[in-house]
Amino acid sequence: MFKIIIQFYISGWRNTFDYKGHASRKEFWVFILVNLMFFNLYSAITGMLKLNGSGIVDVLLFLSMGFSLQLLFISILIIPVMSLGVRRMHDIGRSGWWFSGLLLSNIFIIPVFLGVLVNSIANLYSWDVALPISIWASLVLNLSVIFYLTYLCCKPSVRPSPLPH
């Protein structure tokens, strides 16, 4: 079992620039869940650090040490996750643009929309009204994209998997 998990995880990294193949459900979810485990483990470790400086020093140390490495980790993972998602869409008989379009809209289009929404509401009313609305709109839009991507990636394959189950 552990050997298969390692095989699927390495396969995700090995096929980082392959956008034409297929990826099984297990290959996709093993890669995603192992990387989430690493990310959450790192976040827990940096969250448990006791920093003894003043408030601003603690914030600056966290931003330089914890947050910047988390952003680097996410930036590195965008390309393998994108290619794996595109291959997963091919495996269920859909175009890879389903995954790419939804993921890129979550990264680029939704933040621009929310920025315009917050600015418009703040100009009409106040920032006290705009911020809660933007938080809820962000939550609803981002979760809807994430749930739909999860639904698509959980669909069964339309072809038999070449890798062992």
Side-chain angles (χ1 to χ4, degrees), residues 5 8-47 59 62-125 127-159 161:
I5 290 173
F8 283 140
Y9 185 72
I10 291 172
S11 172
W13 282 108
R14 188 177 296 136
N15 297 322
T16 294
F17 298 105
D18 177 19
Y19 288 89
K20 294 183 181 181
H22 298 274
S24 68
R25 272 190 289 196
K26 287 182 182 179
E27 183 181 355
F28 179 82
W29 287 112
V30 163
F31 188 80
I32 295 296
L33 292 176
V34 168
N35 282 315
L36 278 174
M37 183 185 67
F38 286 146
F39 185 74
N40 286 328
L41 182 67
Y42 175 76
S43 296
I45 290 170
T46 57
V59 169
F62 173 74
L63 289 176
S64 66
M65 181 179 54
F67 189 64
S68 60
L69 289 177
Q70 288 175 346
L71 283 177
L72 178 66
F73 183 72
I74 291 170
S75 300
I76 290 171
L77 277 178
I78 284 179
I79 293 173
V81 167
M82 185 75 74
S83 69
L84 192 60
V86 166
R87 287 185 280 123
R88 180 72 196 122
M89 292 300 105
H90 293 164
D91 195 52
I92 64 169
R94 297 210 181 203
S95 168
W97 285 107
W98 278 90
F99 190 87
S100 299
L102 287 169
L103 188 64
L104 291 175
S105 73
N106 216 16
I107 295 171
F108 297 111
I109 296 171
I110 291 175
V112 169
F113 171 75
L114 290 173
V116 170
L117 176 72
V118 168
N119 193 24
S120 299
I121 294 172
N123 286 338
L124 288 174
Y125 302 105
W127 283 101
D128 294 336
V129 174
L131 290 178
I133 291 174
S134 70
I135 290 170
W136 282 104
S138 172
L139 186 66
V140 168
L141 290 172
N142 287 317
L143 285 178
S144 64
V145 169
I146 289 169
F147 284 141
Y148 191 66
L149 281 176
T150 303
Y151 164 74
L152 286 176
C153 292
C154 287
K155 291 183 79 160
S157 301
V158 294
R159 63 172 192 83
S161 176

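Here the structure is a predicted model, which means the values were calculated and not measured.
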Partners passing side-chain hydrogen bond (donor to acceptor under 3.5 Å, both in side chains) against S138 (at least two apart in sequence or in another chain): N142

ring-ring contact (aromatic ring centres under 6.0 Å, His included) against Y19, all qualifying residues, sequence neighbours excluded: none

Partners passing side-chain contact (heavy atoms from CB on, under 4.5 Å) against I133 (at least two apart in sequence or in another chain): L117, I121, V129

Qualifying residues under side-chain contact (heavy atoms from CB on, under 4.5 Å), relative to T150, sequence neighbours excluded: W29, I146, C154

Identify all side-chain donor-acceptor contacts of residues 101-111 below 3.5 Å with residues at least two apart in sequence or on another chain.
residue	atom	partner	partner atom	Å
S105	OG	G101	O	3.4
S105	OG	L102	O	2.7

All side-chain hydrogen bond (donor to acceptor under 3.5 Å, both in side chains) counterparts of H22, not counting sequence neighbours: R159

Pairs involving residues 71-89, ordered by first then second residue, that meet salt bridge (Lys or Arg N to Asp or Glu O under 4.0 Å) (sequence neighbours left out): E27-R87, R88-D91

F31: partners by ring-ring contact (aromatic ring centres under 6.0 Å, His included), with sequence neighbours left out: Y9, W13

Residues that L143 engages under side-chain contact (heavy atoms from CB on, under 4.5 Å), provided they are two or more places apart: L139, F147

Those residues that, when tested against Y125, pass ring-ring contact (aromatic ring centres under 6.0 Å, His included) (two or more places apart): none

Residues forming a side-chain contact (heavy atoms from CB on, under 4.5 Å) with I135, sequence neighbours excluded: none

Pairwise side chain to side chain donor-acceptor pair (under 3.5 Å) hits with a residue in residues 93-102, at least two apart: none

